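What's counted below: heavy atoms across the whole structure, side chains too, no hydrogens, waters or symmetry copies. So that the names make sense, note that chain A is the first sequence line, chain B the second, and so on, each numbered from 1. None of the values given here were measured: they were computed from a predicted structure.
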Amino acid sequence: MSEPKSDFLRDILARGFMHQCTDLDALDAAAAKGVVTAYIGYDCTGPSLHVGHMVSIMMLRRMQQTGHKPIVLMGGGTTKVGDPSGKDEARQLLSDEQIAANMASIRASFENYLTFGDGPNDAVMVNNDDWLSTLAYIPFLRDFGRHFSVNRMLSMDSVKLRLEREQPLSFLEFNYMILQAYDFVELHRRYGCILQMGGSDQWGNIVNGVDLGRRVADAQLFGLTTPLITTASGAKMGKTASGAVWLNPDMRSPWDYWQFWRNTEDADVGRFLRLFTDLPLDEVARLERLEGAEINEAKKILANEVTALCHGRAAAQEAAETARKTFEEGTTGDALPVTQIAAPRLAEGILLYEAMREAGLAASNGEARRLIKGGGARVNDTAISDEAHKVTSADLGGDGTVKLSAGKKRHALLRAV
RNA sequence: GGAGGGAUGCCUGAGUGGUUAAAAGGGACGGGCUGUAAACCCGUUGCGCAAGCUACGGUGGUUCGAAUCCACCUCCCUCCA
């Protein structure tokens, strides 16, 4: 297409959110003309979203900022069925209670990225369980099932791959795409939603919804997918030693979250700034041009901005300040995780490896011992290689804490109580 | 329904009665070099202070000794009907 007419498309194209779209020109025209209502669906399979969901969350944010209306669809109903896309085996089925608990826990994250309310471009959050659970089987099959060709369903990637590998695919999962397609039509009916977005693995499911909308509602619906984000070294983004990078602060501290972004590879900085922050594009371009050690400034800005969105400006500043003290001055900051230790115990002396385990720097005593033996352990920034070393009250600094480190980046504090 | 094959540590994947806490690679972690980057080089990678304990799908058995042999069970794959 030529230069997009709508702010929305111009913005997301420039920022690298676009992978595929069912009809870019028509969508552009619609977005230029008025408010577009669009939705993205989220599974409730876990208690928190993680960095892998960030592209789509930011997509909703960009929509809202360019004057459109985002819908967050919680998959309370579809999670009961399980999306077979990209999976070798059926997921374990979650109980209703688990799904409800996950949904409640996820909900809070969105409030940091979107403005919810009743206004014309305020975001809304809905749960597809509201309409899916009450569907009557026979009427549903007659009204909607007849529009799905099994021949075509079998050719969809999500199904085809399973069958080609001779992996089992239950009839339950086979229905997932029908339900997702129905969601789209239902959201169109309820909210005038005309666009579904999602990750590139959702393309098939999204297109089904677009087709169904044309058939049963005579509506022109649109689908748009985001690219799968990998790091410049080719790794799937968001995987670290401690597992996924969660957005909920109780599952990953703001400090850790800030560190995750601070450790971005050079080659990814520009791309991530465009995708995951609100910074204007000319500012991103300037930061991206920095070379050598200077690019660290860009990484700090990236970490600040992304953490501020997720955990608030104050938490981001605290993390940044702690990082500055920890890495640039070698002192400590307030955002480091603190473990309480009984004062009498500390007075007697605690074996360093036990202290490290208790502070969460090692999973087992053995791991901590190996770390010490390997020269990766430090007490108050002094390397310790003696396995039998004890931490005592004498190690307490002026602020009443001892700083333990595993490697150069992982730090924790012990506080005597 | 019949005949074969398979299930190994975070993952892939060797192995086959004792020297196997289990080759190799990946990943991860630590060290070095740097810029809290990448690449590269080196080390570590079940639990336990230790004696030792647990581990090769599950349950029993054979044996001085089993991941390795036998029986049954579960799940998966291939071919035939």
Say we look at G4(B) and A14(B): how far apart would their C1' atoms be, to the nearest angstrom? 23 Å
Worked verdict on W258(A) versus L302(A) for side-chain contact (heavy atoms from CB on, under 4.5 Å): CA-CA 9 Å; W258(A) 193 93; L302(A) 174 67; over 6 Å; no
Output all residues satisfying ring-ring contact (aromatic ring centres under 6.0 Å, His included) with H50(A), sequence neighbours left out; order by chain, then residue number. H53(A), W246(A)
Using a 4.0 Å heavy-atom cut-off to protein, can you give one letter per nucleotide of nucleotides 46-52 of chain B, 5' to 3': B if the base is in contact, S if only the sugar-phosphate is, - if neither? -SSS---
Both distances under 3.5 Å, Watson-Crick or G-U wobble: on that basis, could you give the dot-bracket string for RNA chain B, with [ ] for crossing pairs and | for other-strand partners? (((((((..(((.....[.....)))((((((.......))))))((....))...(((((..]....)))))))))))).
For the side chain to side chain donor-acceptor pair (under 3.5 Å) test, which of N128(A), N208(A), N205(A) pairs with Q180(A)? N205(A)
Assess, by modelled atom type and distance only, whether the side chains of S133(A) and D129(A) contain a donor and an acceptor separated by less than 3.5 Å. yes
Under a 3.5 Å cutoff, is there a donor and acceptor pairing between the side chains of S6(A) and D28(A)? yes
Without hydrogens or angle criteria, can the side chains of H19(A) and T226(A) be said to hold a donor-acceptor pair below 3.5 Å? no
Using atom names, set out every protein N or O paired with an N or O of nucleotides 54-56 of chain B below 3.5 Å, distance rounded to 0.1 Å.
none

Can you tell me how far C1' in U63(B) sits from the matching atom in G48(B), rounded to whole Å? 30 Å
Check against salt bridge (charged side-chain N to carboxylate O under 4.0 Å, His left out), R313(A) and E305(A): CA-CA 8 Å; R313(A) 188 58 70 180; E305(A) 294 304 310; 3.3 Å; yes
Treating primed atoms plus P, OP1 and OP2 as sugar-phosphate and everything else as base, which nucleotides of nucleotides 30-40 of chain B get B, S or - for protein heavy atoms under 4.0 Å? SSS--BBBS--
Distance between the C1' atoms of A22(B) and C73(B), in whole angstroms? 26 Å
Enumerate the residue pairs fulfilling side chain to side chain donor-acceptor pair (under 3.5 Å) with a member in residues 337-351 of chain A, sequence neighbours excluded, ordered by first and then second residue. R345(A)-E358(A)
With C1' as the reference atom in both, quote the distance from U62(B) to U45(B) in angstrom, rounded to an integer. 36 Å
Using a strict cut-off of less than 4.0 Å between a Lys/Arg side-chain nitrogen and an Asp/Glu carboxylate oxygen, indicate whether D381(A) and K403(A) qualify as a salt bridge. yes
When the C1' atoms of G46(B) and C56(B) are considered, how many whole Å apart are they? 13 Å
Partner of E321(A) under side chain to side chain contact (heavy atoms under 4.5 Å, CB included), chosen from K325(A), Q317(A), E318(A): K325(A)
